[in-house]
K.L.:
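Here it is, the structure in full.
Counting starts at 1 for both ligands and their atoms, following the listed order.
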Amino acid sequence: MKISGVILLTMMIIVSVAGCSFTGNDRDILFQVQTIGSLQEGVFEGNVTVGELKKYGDFGGWGTFEGLDGEMIILDGVVYQIKGDGKVYLPSNTERTPFASITYFDADKKVPINREVNSAQLQELLDSQLPTKNVFFAIRIDGKFDYIKARAPDKQAKPYPTLAKALEKQNVFEFKDIEGTILALRSPSYIGSVNVPGYHIHFISKDRKSGGHLLDCLIKNVDASYDETAGFMMILSETGAFSQTDLSTDKQSELKKIE
Ligand SMILES: [Zn+2]
């Protein structure tokens with residue numbers, strides 16, 4: 001398989017769950033570029049282009065761009081880039097990502113959030129309502145939020161540092177009474193260093209002028225919608241930094257601190 005001149009290894013893992021409507025060829029597939037473990041090791045070289053990524057869904061991001069240049073959000077088919085300056089950019093189709101996930105969002109069910117919750121409480125509340133913890137869930141929350149705290153990293157220069165090192169300096173943005181969308185990916189705990197176990201949450205404002213990787217929030221009187229996603233497809237690079245980096249070290253405790 002050749003994407004924009006880079007030979008890629010395509011790995012397809014189909015997780016079939018009894019009682020799940022997943023057919024192996026529908027919209028409930030999470031498509032992922034490389035791994036959180038490789039990003040942690042400083043593999044910031046972009047692999048898949050934005051144009052290619054968009055062929056696999058309309059919702060997600062939960063990743064970054066070449067050089068760790070900001071946070072990625074994909075909403076209603078549009079790819080947004082929140083850079084270290086806190087501003088939202090529209091990357092061209094030729095921009096590349098070293099780590100991102102995308103799927104099609106079709107709401108299966110709503111979870112009302114009637115009491116005020118912060119980010120940790122939101123995750124607990126969602127966990128109590130999801131039918132299983134063993135497949136992926138894409139979660140969308142539209143509304144007006146009391147408080148949002150988000151971050152975006154600065155673009156890194158080569159030789160690239162590790163992700164933990166790069167995130168020692170991060171730009172944090174706080175918003176009050178802001179309208180927008182919270183996008184969460186819940187991955188099973190067994191996903192290990194492939195993706196972020198548990199929740200990875202991003203935010204973008206309704207005016208599309210601010211956002212980032214969600215660090216905390218206070219939200220109430222909104223509905224969360226979830227899309228159970230039992231298919232998984234991953235693209236890895238056979239060349240470049242990804243192929244040459246030692247990815248055998250377990251860095252999950254470090255991941256808990258930085259994500
Ligand atoms: Zn993020």
K.L.:
Around the Zn ion (ligand 1), list the protein N/O/S atoms within a radius below 2.8 Å, excluding water molecules.
P.N.:
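Listed by chain and number: H200 NE2, H202 NE2, H213 ND1.
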K.L.:
Under a 4.5 Å cut-off applied to non-hydrogen side-chain atoms, are V79 and L90 in contact?
P.N.:
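V79 does not reach L90 side chain to side chain.
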K.L.:
Measure the shortest side-chain to side-chain distance between V117 and C217 over non-hydrogen atoms and say whether it is less than 4.5 angstrom.
P.N.:
no
K.L.:
Are L183 and W62 side-chain neighbours, meaning at least one heavy-atom pair lies under 4.5 Å?
P.N.:
yes
K.L.:
Can you tell me if NZ on K133 sees more than 12 non-hydrogen neighbours from other groups inside 6.0 Å?
P.N.:
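Yes, because the 6.0 Å sphere around NZ of K133 holds more than 12 heavy atoms from other groups.
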K.L.:
Any Lys/Arg nitrogen of D69 or R96 sitting under 4.0 Å from an Asp/Glu carboxylate oxygen of the other?
P.N.:
no
K.L.:
Between E71 and K83, does at least one N-O distance fall below 4.0 Å, as a salt bridge requires?
P.N.:
no
